[in-house]
Number of protein chains: 2
Amino acid sequence: MNNTNKTKQLDPAYVCGHKDPAAVRELLTKIGDKWSIFLVLSLAKIHGNRARFSELERSVPGISQRMLTLTLRNLERDGLVTREVFPEVPPRVEYELTVLGKSLLRPLDGLVEWVSVNWEDVKKAQSNFDSK
Amino acid sequence: MNNTNKTKQLDPAYVCGHKDPAAVRELLTKIGDKWSIFLVLSLAKIHGNRARFSELERSVPGISQRMLTLTLRNLERDGLVTREVFPEVPPRVEYELTVLGKSLLRPLDGLVEWVSVNWEDVKKAQSNFDSK
DNA sequence: CGGGATCCCGCCTGATACTG
DNA sequence: CAGTATCAGGCGGGATCCCG
């Protein structure tokens, strides 16, 4: 948990002052990563939040084997997914969202919701900006 | 919202039963951008959500002039900030969060909150992972 | 003061090949 | 099947110079 606790829900100062901005930025960088969110969200919608390597590879078209591996490693390192290796032939490895990983889905949904509501405005602003 | 309901279940990019995945990813990429969030959050905590170029440069330590300019341009293009030039000598330019920009603070705060609560766990997971 | 224009390097990432 | 190893291209971003 955190120590300082001046919780003002929407006060911008809270956003900037209260918490280490580097940590926030680090998280957002992770989240902003193309493959990370696709993987987290893919796992989120899979039954049991669990899938093996090849399943994930198929469920995230366009991802290279390399990036799939690297991204999964990072997610594992961050404690967002678990990696379980089964000593079989051929080998089988399953990845699963942790409780921590699932908890991230909630704030993530907040952003997704924001996109649903405001994305058209953003696109409109963009095309308007570009036409000048 | 409006997009055709051709919900491709197998579309990897399809986000958890939500809208346009590319848009979500695009937003997250923007948000994940180091300087973008720092600028948005800086503006958020400034009185009137308004500041001039040099103020922002000072309030976001480490940002280069180039990135400040580029990032502000992008934010303006996305309709998140406005840019107002005053025909003076020396020139003065002020940037201000738009209503749209401010609305983004709310979901953003959700992530910040998540960091406050879970960041230690993430760090713990990381060091634990690294020590193996 | 608030940029625009260039140069340039590091790292991210994709493609390809190999392996337990 | 689930990776690792290696090479190469792109580009994000800093540093620098200049201008209205």
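Both backbone and side-chain heavy atoms feed into the values below; hydrogens, waters and symmetry mates do not. Below, read A as the first sequence line, B as the second, and so on, with proteins coming before strands; counting in each chain starts at 1.
Just one residue in the list A/Leu105, A/Leu100, A/Ile31, A/Leu108 forms a side-chain contact (heavy atoms from CB on, under 4.5 Å) with B/Trp114, and that residue is A/Leu100.
Nucleotide D/dG13 holds its C1' atom 13 Å from the CZ atom of A/Arg25, rounded to whole Å. If you take CG of A/Leu70 and C1' of D/dA5, they are 12 Å apart, rounded to a whole angstrom. When rounded to the nearest whole Å, the span between CG of B/Asn74 and C1' of D/dG12 equals 12 Å.
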Original post:
Passes side chain to side chain contact (heavy atoms under 4.5 Å, CB included), A/Lys123 versus A/Glu120? Steps please.
Top reply: CA-CA 5 Å; A/Lys123 299 302 288 182; A/Glu120 274 189 36; 5.6 Å; no
Subject >> Candidate pair A/Arg50 and A/Tyr95, rule side chain to side chain contact (heavy atoms under 4.5 Å, CB included), full reasoning >> reply: CA-CA 6 Å; A/Arg50 193 176 179 84; A/Tyr95 296 88; over 6 Å; no
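Of all heavy-atom pairs spanning B/Gly32 and A/Thr29, the tightest one is O-OG1, 3.5 Å.
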Give each protein N/O atom lying under 3.5 Å from an N/O atom of nucleotides 1-4 of chain D, with the pair distance.
unit_1 : atom_1 : unit_2  : atom_2 : d
D/dC1  : O3'    : A/Arg52 : NH2    : 3.0
D/dC1  : O3'    : A/Pro91 : O      : 3.2
D/dA2  : OP1    : A/Arg52 : NE     : 2.8
D/dA2  : OP1    : A/Arg52 : NH2    : 3.0
D/dA2  : OP1    : A/Val93 : N      : 3.4
D/dA2  : OP2    : A/Ser54 : N      : 2.8
D/dA2  : OP2    : A/Ser54 : OG     : 2.8
D/dG3  : OP1    : A/Arg83 : NE     : 3.3
D/dG3  : OP1    : A/Arg83 : NH2    : 2.3
D/dG3  : OP2    : A/Tyr95 : OH     : 2.5
D/dG3  : N7     : A/Gln65 : OE1    : 2.8
D/dG3  : N7     : A/Gln65 : NE2    : 2.8
D/dG3  : O6     : A/Gln65 : OE1    : 3.1
D/dT4  : OP1    : A/Arg73 : NH2    : 3.2

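Along DNA chain C, the stretch of nucleotides lying under 4.0 Å from any heavy atom of chain A spans, 5' to 3', C/dT13 to C/dG20.
Using a 4.5 Å cut-off on side-chain heavy atoms (C-beta onward), A/Leu56 and A/Leu43 make contact.
Applying the 6.0 Å contact sphere to CZ of A/Arg106 captures no more than 12 heavy atoms from other residues, nucleotides or ligands.
The main-chain N or O of A/Ser36 is found under 3.5 Å from a side-chain atom of A/Asp33 such that the two form a donor-acceptor pair. A side-chain donor-acceptor contact under 3.5 Å links B/Thr98 to the backbone of B/Leu80.
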